[in-house]
Amino acid sequence: MALLPILQYPDPRLHKVAAPVTEVDAGVRQLVDDMLETMYQSDGVGLAATQVDVHRRILVMDTSEQRDQPRVLINPELIQVSEEMMLGEEGCLSVPTIYDAVPRHARVTVRALGRDGQPFEFDAEGLTAVCVQHEMDHLLGKVFVEYLSPLKRERIKTKMLKKARDEQKRQ
């Protein structure tokens with residue numbers, strides 16, 4: 001297993017749309033394992049392949065309190081969403097230290113392939129539903145800050161670019 005570098009907003013690669021996975025093979029399973037390790041090491045609850053500069057429809061997540069229930073979603077799709085919306089604070093490994101409220105469907109039903117390549121479905125609500133929607137946005141090339149006002153988005157972009165410059169100076 002290996003830790004993967006996570007792209008930081010406003011990196012343009014975060015806006016690439018991910019391609020479907022045509023075969024769940026050893027390479028896909030290795031990527032999934034590396035993504036899980038990276039997510040856990042970074043204290044995240046979800047990670048999309050787009051965030052590690054792999055533009056395939058793969059995401060991993062673990063919203064359990066003990067952080068011992070990893071989920072792998074390959075080619076995920078929302079097959080049902082509630083009309084009821086919820087507003088919750090979201091953060092992102094690609095936009096560290098930034099949190100803001102984003103409207104999401106309160107409940108969703110998801111269909112995907114697992115690490116074994118077998119199809120499955122599950123219902124999600126609360127944090128799990130938010131996480132699925134957040135990570136699926138990444139697969140469409142969308143970062144959560146795009147739900148915010150243009151002013152907030154510009155402030156976040158400026159802050160992230162300054163942080164990147166400061167980190168480069170320290171190296």
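FYI, side chains are in, hydrogens and waters are out, and symmetry mates aren't considered; it's all heavy atoms of this structure. In this text the structure is predicted, and so the values were computed from the model without any measurement.
Minimum interatomic distance between Leu139 and Ala49 (heavy atoms only, all atoms of both residues): CD2-N, 4.4 Å. Val110 and Ile79 make their closest contact through N-CG1, 4.4 Å (heavy atoms, listed as atom of the first residue, atom of the second, distance). Closest non-hydrogen pair, Ala18 versus Arg57, comes out as O-CG, 3.6 Å. Considering all non-hydrogen atoms of both residues, Phe144 and Gly91 come closest at CE2-C, 4.1 Å. For Met61 against Met39, the heavy-atom pair with the smallest separation is CA-SD, 3.8 Å. The nearest pair of heavy atoms linking Pro76 to Leu59 is CG-CD2, 3.9 Å.
A salt bridge links Glu84 to Arg107: one of the charged nitrogens lies within less than 4.0 Å of a carboxylate oxygen. Ion pairing between a basic and an acidic side chain is recognised when a charged N comes within 4.0 Å of a carboxylate O; Arg104 and Asp137 show such pairing.
Around atom CZ of Arg67, more than 12 heavy atoms belonging to other residues, nucleotides or ligands sit under 6.0 Å away. Within a 6.0 Å radius of CD in Gln41, no more than 12 heavy atoms belonging to other residues, nucleotides or ligands are found.
Judged by distance alone, the side chain of Ser82 and the main-chain N or O of Ala106 form a donor-acceptor pair under 3.5 Å. Counting only distance, with no hydrogens or angles, the side chain of Arg56 and the backbone of Val21 share no donor-acceptor pair below 3.5 Å. The closest donor-acceptor contact from the side chain of Arg29 to the backbone of Asp116 lies at 3.5 Å or more, if one exists at all. The backbone N or O of Ala2 sits less than 3.5 Å from a side-chain atom of Glu37, completing a donor-acceptor pair.
A chain of hydrophobic side-chain contacts below 4.5 Å, direct or via other Ile, Leu, Val, Met, Phe, Trp or Tyr residues, connects Val102 to Ile98. Criterion: ILVMFWY side-chain heavy atoms under 4.5 Å apart, direct or through other members. Under it, Leu7 and Val95 are part of a common hydrophobic cluster. If you chain together hydrophobic residues whose side chains sit under 4.5 Å apart, Leu31 and Ile6 fall into the same group. The hydrophobic clustering, which links ILVMFWY residues whose side-chain heavy atoms are closer than 4.5 Å, places Val45 and Val60 apart.
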Please set out all donor-acceptor pairs under 3.5 angstrom arising from side-chain atoms of residues 124-134, sequence neighbours excluded.
| from | atom 1 | to | atom 2 | distance (Å) |
| --- | --- | --- | --- | --- |
| Thr128 | OG1 | Thr63 | OG1 | 2.7 |
| Gln133 | OE1 | His105 | N | 3.0 |
| Gln133 | NE2 | His105 | O | 2.9 |
| Gln133 | NE2 | Ala129 | O | 2.9 |
| His134 | ND1 | Glu90 | OE1 | 2.7 |
| His134 | NE2 | His138 | NE2 | 3.4 |

Just distance, no hydrogens or angles: give the donor-acceptor pairs under 3.5 Å from side chains in residues 158-169, sequence neighbours left out.
| from | atom 1 | to | atom 2 | distance (Å) |
| --- | --- | --- | --- | --- |
| Thr158 | OG1 | Glu154 | O | 2.9 |
| Lys162 | NZ | Asp166 | OD2 | 2.9 |

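Because its NZ or CZ atom is not both nearer than 6.0 Å to the ring centre of Tyr147 and within 45° of the ring axis, Lys152 does not count as a cation-pi partner of that residue.
Partners of Glu89 according to the side chain to side chain contact (heavy atoms under 4.5 Å, CB included) rule, which considers only residues two or more places apart in sequence or in another chain, are Tyr99, Ala101.
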